[in-house]
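The structure appears below as structure tokens.
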Amino acid sequence: MDSSSEHLAERLTHPRYTRANHYDPRWVVDNQMGPNALWLLEWLAPALGLDALRPDARVLDLGCGRAMTSVFLAREYGAQVTAADLWIEPGDNARRVAEAGFADRVLPVKAEAHDLPFADGCFDTIVSVDAYQYFGTDDLYLPTLTRLLRPGGRIGVVVPALREELDGVEPPEHLRPYWEPAYWCFHSAAWWRRHWNRSGAVEVEAADWLDDGWRDWLLWCEVVAEESPEEFHRTMARQVAEMVRRDEGRTLGFVRVVGRRL
């Protein structure tokens with residue numbers, strides 16, 4: 001490891017994410033598509049019971065991006081993972097997965113969240129990291145997704161979120177320069193708990209806020225703004241970092257939600 005990689009590893013070594021610390025930070029930076037997906041998945045894991053998965057459990061990684069979370073699920077928990085994403089071509093993810101040594105455990109597919117080509121009850125677990133907010137706020141969505149779970153199977157998601165729900169139609173004053181209409185898909189843990197409970201599809205086992213998650217988000221954005229090989233991601237990271245730094249956790253962070261299929 002050269003000196004720049006060592007420095008990057010030092011910046012990203014985190015006491016809360018001991019599994020993610022073992023992954024090549026350059027690989028993680030180069031393949032990121034938002035917040036640090038490995039950190040968020042590792043936070044989700046205990047609430048979702050990933051350590052208790054049976055060998056070769058069938059896991060759907062919905063909105064997997066560049067399949068880093070899929071590799072993590074295969075490596076850390078021995079899962080057989082279907083890596084589904086709409087934006088990243090399966091061939092690109094298949095190459096990445098093979099280079100990581102998990103071509104026999106991760107199957108990349110191209111799929112839209114409302115048109116998933118899988119049989120009822122074919123997965124033990126469904127995971128979605130930094131993607132579910134784009135489609136899961138629909139009142140009718142969760143029952144159509146959880147049909148893919150075996151009875152008693154679990155779904156767990158991590159999403160960018162609000163500490164508390166916002167009143168009215170305007171964001172907080174300090175966030176107005178940064179706010180985009182798409183951010184209205186961010187909701188609080190209490191909102192997600194109610195949303196899932198009302199669906200009648202799952203028993204909600206967890207819906208909680210990541211303490212100091214904004215600090216992780218800010219650190220990650222600062223690193224990506226300096227280290228990403230893609231100008232688009234560097235620019236986006238700088239903008240998000242400025243917003244998160246201004247907010248200081250008053251409004252923005254992360255929520256995890258876990259439910260068991262009824």
Side-chain angles (χ1 to χ4, degrees), residues 1-45 48 50-51 59-110 127-131 156-160 210 213 215-238 240-241 244 254:
M1 184 181 296
D2 59 33
S3 59
S4 63
S5 296
E6 288 179 356
H7 178 65
L8 183 58
E10 289 174 1
R11 292 184 69 186
L12 294 178
T13 296
H14 197 299
R16 182 156 48 198
Y17 309 117
T18 56
R19 291 180 187 260
N21 288 341
H22 296 292
Y23 287 73
D24 178 359
R26 184 66 59 185
W27 181 76
V28 180
V29 168
D30 288 354
N31 291 300
Q32 63 81 37
M33 295 181 67
N36 190 313
L38 299 191
W39 287 356
L40 297 180
L41 179 54
E42 187 164 351
W43 178 55
L44 174 64
L48 188 54
L50 291 183
D51 280 319
V59 176
L60 172 62
D61 186 3
L62 182 58
C64 68
R66 289 172 171 162
M68 289 194 300
T69 48
S70 303
V71 169
F72 191 92
L73 288 162
R75 177 180 176 181
E76 304 298 329
Y77 306 106
Q80 290 286 344
V81 185
T82 299
D85 199 83
L86 178 63
W87 297 339
I88 304 300
E89 290 298 321
D92 292 342
N93 275 343
R95 173 186 53 77
R96 209 167 357 261
V97 166
E99 290 173 351
F102 291 95
D104 60 333
R105 287 193 170 272
V106 178
L107 175 64
V109 299
K110 186 169 187 173
V127 169
S128 185
V129 176
D130 187 31
V157 309
V158 181
V159 291
L210 177 57
R215 296 182 187 276
D216 298 346
W217 199 353
L218 177 58
L219 169 62
W220 178 245
C221 285
E222 290 173 342
V223 169
V224 171
E226 297 172 13
E227 301 286 349
S228 175
E230 301 177 40
E231 176 58 32
F232 171 79
H233 288 300
R234 293 195 301 272
T235 299
M236 288 297 298
R238 284 192 292 269
V240 174
V244 173
F254 299 101

Kindly give the heavy-atom pair with the smallest separation between [X] and [Y], and that separation in Å.
| X | Y | value |
| --- | --- | --- |
| A67 | V97 | CB-CG2, 4.0 Å |
| V106 | A83 | CG1-CB, 3.9 Å |
| A74 | V81 | N-CG2, 4.1 Å |
| S228 | H233 | OG-CB, 3.4 Å |
| A84 | L60 | CB-CD1, 4.0 Å |
| P25 | S5 | CG-O, 4.4 Å |

Side chain of [X], backbone of [Y]: donor and acceptor closer than 3.5 Å?
| X | Y | value |
| --- | --- | --- |
| D61 | S70 | yes |
| W39 | R16 | no |
| D24 | A9 | no |
| R105 | R75 | no |
| E42 | T18 | yes |
| S128 | V157 | no |
| R96 | R66 | yes |

Find the distance between [atom1] ([X]) and [atom2] ([Y]) and round it off to the nearest 0.5 Å.
| X | Y | atom1 | atom2 | answer |
| --- | --- | --- | --- | --- |
| N36 | W220 | CG | CH2 | 4.5 Å |
| L210 | L40 | CG | CG | 7.5 Å |
| Q32 | D130 | CD | CG | 10.0 Å |
| K110 | N93 | NZ | CG | 11.5 Å |
| T69 | E76 | OG1 | CD | 12.5 Å |
| E89 | R95 | CD | CZ | 12.5 Å |

Worked verdict on V159 versus F254 for side-chain contact (heavy atoms from CB on, under 4.5 Å): CA-CA 6 Å; V159 291; F254 299 101; over 6 Å; no

Would you say [X] and [Y] make side-chain contact, with heavy atoms under 4.5 Å?
| X | Y | answer |
| --- | --- | --- |
| M33 | W87 | yes |
| L50 | L73 | yes |
| V158 | L41 | no |
| V127 | F72 | no |

Residues R238, E231; criterion salt bridge (charged side-chain N to carboxylate O under 4.0 Å, His left out); working and verdict: CA-CA 11 Å; R238 284 192 292 269; E231 176 58 32; 3.3 Å; yes

For side-chain contact (heavy atoms from CB on, under 4.5 Å), just list the numbers for V29 and L12, CA-CA rounded to whole Å, side-chain angles, deciding distance to a tenth of an Å, and then say yes or no. CA-CA 10 Å; V29 168; L12 294 178; 4.3 Å; yes

Could you verify whether a donor N or O on one side chain and an acceptor N or O on the other, from D216 and Y17, lie under 3.5 Å apart?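 Y17 and D216 do have a side-chain donor-acceptor pair below 3.5 Å.
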
